[in-house]
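This report concerns only the one structure given below.
Proteins come first, then strands; the chains are lettered A, B, ... in the order of their sequence lines, and each starts at number 1.
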Amino acid sequence: MNVFFSLLAYNTDGDPMPGRRDFIKMAVLGVGGFVVGVGAGYYLGSIPGQQQVGAPSGYNLSALGRDAEHQDINTAVIDFFSRENPGYRVDYSPLAYSPLYDKTVLALQQGSSAYDLVYMDDPWIPQFGERGWLADLEDLAKQEGIGLDLGDFSSVLIDVGRHPYRSGKLVAFPQMGNVQIFAYRKDVFDRLGIPEPKTWSDVLNACEKIKASQLVEYTIAFRGVKGNPVATAFQPILYAFGGKIVSDDLRKSALDSKAVEALEFLLQLKKYAPPGVENFNTPDVRDRMIGGRIAMSTETWPGWIKDADNPAVSKVPGLLAYTTTPGERTKTSPLLGVWYWGIPAASRNKSAALRYILYSASARMQKIMAILKGLPPVRSSVGRDPDASALRRWIPIQVQSLAVAVPRPRTPYWPKIEDIFGSYVNQVLAGVVRPSDAVAKMSEEIDKVLAGG
Amino acid sequence: MKTGSISYILVLPSLALMLFTTVYPIIGVLYYSLYSYNIVTGEFRFSGLNEYIELLRDPLFLTSIRNTVMFSIAATVLQTILGLIIAVLVNQRIRGKRYIIPILVLPNMFSVVVVSSMWKLMLDYETGLINHILKSLGFQPLPWLTSMDLALFSIVLIDTWQWTPICFLIFYAGLQSIPRELYEAAIVDGASSVRTFTSITLPMLKPYIALVLLLRSIDTFRLFDKVYLLTGGGPANSTETISLYIFKTGLVFWDIGKASAASFIMLILILAISALYIRRSILS
């Protein structure tokens with residue numbers, strides 16, 4: 001005890017302050033302690049037989065998925081699955097988009113067996129497939145003696161689930177048929193005698209007439225904030241003008257004069273949009289659409305309008321009409337945004353995971369979820385089902401759009417390319433860069449990324 | 001056992017923990033900054049200072065440094081001055097002080113997500129409260145978060161609203177520690193209130209001012225959350241900060257090499273800011 005108090009009273013006893021040698025001794029002891037600690041940590045971690053926290057066993061499946069409406073749908077499917085398959089249990093971990101991507105990459109990269117099912121946005125598939133992080137579902141199905149029945153899916157959905165695109169192994173199975181459609185206020189269009197827009201020029205003409213009529217607060221809105229939002233909102237316009245971002249062989253940028261024309265068209269649409277559109281994100285567009293404050297949007301996703309006919313939520317129940325995304329020089333080119341289930345290559349429950357995936361994507365479950373939860377189905381048969389479309393008027397257009405949808409370029413470098421593309425489109429909208437200069441700079445930077453830089 | 005030896009042993013666990021949580025990550029970041037390392041593409045090769053050179057040639061990175069420095073200076077100065085003014089005012093003999101102080105400190109009790117969501121609604125061009133007040137006073141509404149010229153300034157204002165209370169508390173504690181005899185002597189000598197403030201209050205508050213400047217400089221330099229939630233770095237990169245750049249590079253594009261190099265550059269800049277204060281503290 002005297003020693004302890006003498007330490008506390010180190011200075012008051014008149015002992016000298018620690019000198020340089022004392023600090024060096026402390027530093028050496030500290031480093032030594034640190035090395036011992038790290039070494040002990042590695043040794044303890046390498047002891048065999050320790051089960052990782054959260055690692056499932058038997059028929060316990062662990063799924064990593066999205067939050068919000070995805071969670072709503074997936075947990076409902078899990079509920080049905082568990083009741084109809086006693087002995088199976090699925091633990092669902094919901095995350096927002098970015099955290100889900102981060103966690104999925106880290107889990108797959110570490111070869112962790114903590115998850116048996118991973119829920120993926122379609123642009124992630126080339127990255128994960130390239131690194132061999134996902135199991136071959138066709139191979140797995142063959143081993144289990146299960147038929148995959150791919151005929152009820154649009155070919156683009158299955159092609160996107162393959163790596164390499166179209167020709168490779170099937171590493172992801174479609175679950176949620178997210179695709180761009182075009183929504184507009186039919187009551188406004190009918191009142192002004194404007195036909196359903198088939199081209200972007202039709203959209204621009206409609207903007208002029210609707211603005212003059214002042215029947216709605218603003219004619220059109222779209223996502224303009226830099227990055228993925230504006231990149232996604234602009235792509236259907238770009239493709240309709242015959243433009244492309246990346247060449248077919250994925251080796252260089254394909255942006256050209258058509259992209260300049262498309263950007264100039266976007267600036268014309270901006271004149272009819274609310275002020276500050278260059279900072280708009282999903283809630284800004286979606287809330288204005290179902291709040292009755294705009295007549296159209298350049299893009300509409302099924303998740304935005306799943307409650308559009310619900311008078312408790314929407315101010316325009318029954319007033320929205322749906323069609324495929326307009327064309328211009330080319331036919332309609334809605335952007336694909338489908339969500340897929342995949343099985344990590346390190347999963348110890350691949351067979352059970354495959355059974356869950358096929359159950360979730362079955363025609364019966366897709367129809368139930370379309371009716372109960374507003375799931376955009378991936379199966380063509382569900383798109384033709386009158387029960388589903390009676391409650392969700394947009395389903396036939398959504399499934400029709402899936403058949404002609406354009407996926408984002410199937411390159412593992414897509415996140416970086418999309419960021420460059422989205423940044424410059426945002427700068428064009430903000431009036432900082434001219435369309436021609438933006439296209440030139442984008443091309444240069446995208447070429448550098450595709451060259452591995 | 002000698003007293004000295006026991007003291008080293010007792011300090012050892014804390015020292016080891018500190019080294020593990022600070023020195024080890026810094027060494028790790030420095031190591032990866034010398035490699036071209038991408039988790040998703042699988043690339044991992046030694047590239048020396050190449051990542052640093054590419055960064056210093058990247059217009060977006062240079063823009064992020066400029067934005068970060070501008071934000072840090074503006075927010076730090078504004079918060080320091082406002083915090084000092086509020087502390088001096090509250091330090092007077094006023095009634096209800098014990099109710100005023102908790103209300104003043106309230107903004108700092110909210111999380112960043114709540115603050116950002118609240119201000120995003122209030123600054124909305126069409127439906128926001130601030131523009132509604134401006135319109136009712138006969139002014140034009142302003143594009144607070146959608147204008148390249150105003151977006152960064154708007155974030156300065158939001159950060160000032162949230163963090164001035166902390167500056168106020170530090171200055172208030174400092175004012176409370178100034179001996180009253182000094183003010184009494186000044187009154188006896190016939191000093192005016194301005195002279196009293198400049199000759200007694202400010203000099204006595206110097207260590208507190210230095211502390212506030214240091215803490216706010218470091219904190220504002222690391223700006224990420226408000227920008228991520230309010231503008232995403234836009235419009236047109238006008239609110240892109242170093243932290244946001246590092247986040248996107250490391251956790252969206254998985255370019256660990258470049259993100260590590262950017263992190264190390266940020267560390268050097270923060271150390272440079274802190275060096276002045278640390279040197280001053282050691283000398284005093």
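Atom CD of residue A:Q110 and atom CD1 of residue B:I39 lie 8.5 Å apart, to the nearest 0.5 angstrom. Put simply, CD1 on A:I417 and CZ on B:F253 are 10.5 Å apart, with the number rounded to the nearest 0.5 Å. To the nearest 0.5 Å, atoms CG (B:L60) and CG (A:D419) are separated by 7.5 Å. For the atom pair B:Y228 OH and A:S98 OG, the distance stands at 3.5 Å (nearest 0.5 Å). To the nearest 0.5 Å, atom OH of residue B:Y125 and atom CG of residue A:D284 are 15.0 Å apart. Interatomic distance, B:N38 CG to A:Q127 CD, rounded to the nearest 0.5 Å: 8.5 Å.
Here A:K226 is the residue among A:Q427, A:E445, A:K226 with the most heavy-atom pairs under 4.5 Å with chain B. Taking B:E43, B:M148, B:K248, B:E126 one by one and counting their heavy-atom pairs under 4.5 Å with chain A, the maximum is reached by B:E126. Note: B:T41 leads B:T41, B:T249, B:V11 in heavy-atom pairs under 4.5 Å with chain A.
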Using atom types as modelled, flag every donor-acceptor pair under 3.5 Å from a side chain in residues 110-120 of chain B to any protein atom, sequence neighbours excluded.
from, atom 1, to, atom 2, distance (Å)
B:S111, OG, B:V114, N, 3.3
B:S116, OG, B:V112, O, 2.9
B:S117, OG, B:V113, O, 2.8

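Counting all heavy atoms, side chain and backbone alike, A:N426 lies closest to B:A236 at OD1-N, 2.6 Å. Closest non-hydrogen pair, A:E278 versus B:T146, comes out as OE2-O, 3.5 Å. The nearest pair of heavy atoms linking A:W133 to B:V40 is CH2-CA, 4.2 Å.
In this structure, the portion of A:Q109 lying under 4.5 Å from any heavy atom of chain B is its side chain and not its backbone. For A:K416, the parts sitting under 4.5 Å from any heavy atom of chain B are the backbone and the side chain alike. Heavy atoms closer than 4.5 Å to chain B are found nowhere in A:W414, neither backbone nor side chain. Within the 4.5 angstrom heavy-atom criterion, only side-chain atoms of A:E217, from C-beta onward, approach chain B. Within the 4.5 angstrom heavy-atom criterion, only side-chain atoms of B:T127, from C-beta onward, approach chain A. Both the backbone and the side chain of B:L251 have a heavy atom closer than 4.5 Å to some heavy atom of chain A. Residue B:L230 touches chain A through its backbone alone, counting heavy-atom pairs closer than 4.5 Å.
The neighbour count for A:K270 NZ, taken as heavy atoms of other residues, nucleotides or ligands under 6.0 Å away, is above 12. No more than 12 heavy atoms of other residues, nucleotides or ligands sit less than 6.0 Å from atom OH of B:Y32. The number of heavy atoms from other shown groups lying within 6.0 Å of CZ (B:F139) does not exceed 12. Within a 6.0 Å radius of CZ in A:R434, other residues, nucleotides and ligands contribute 12 heavy atoms or fewer. Few gaps surround OH on B:Y52; more than 12 heavy atoms of other groups in view lie less than 6.0 Å from it.
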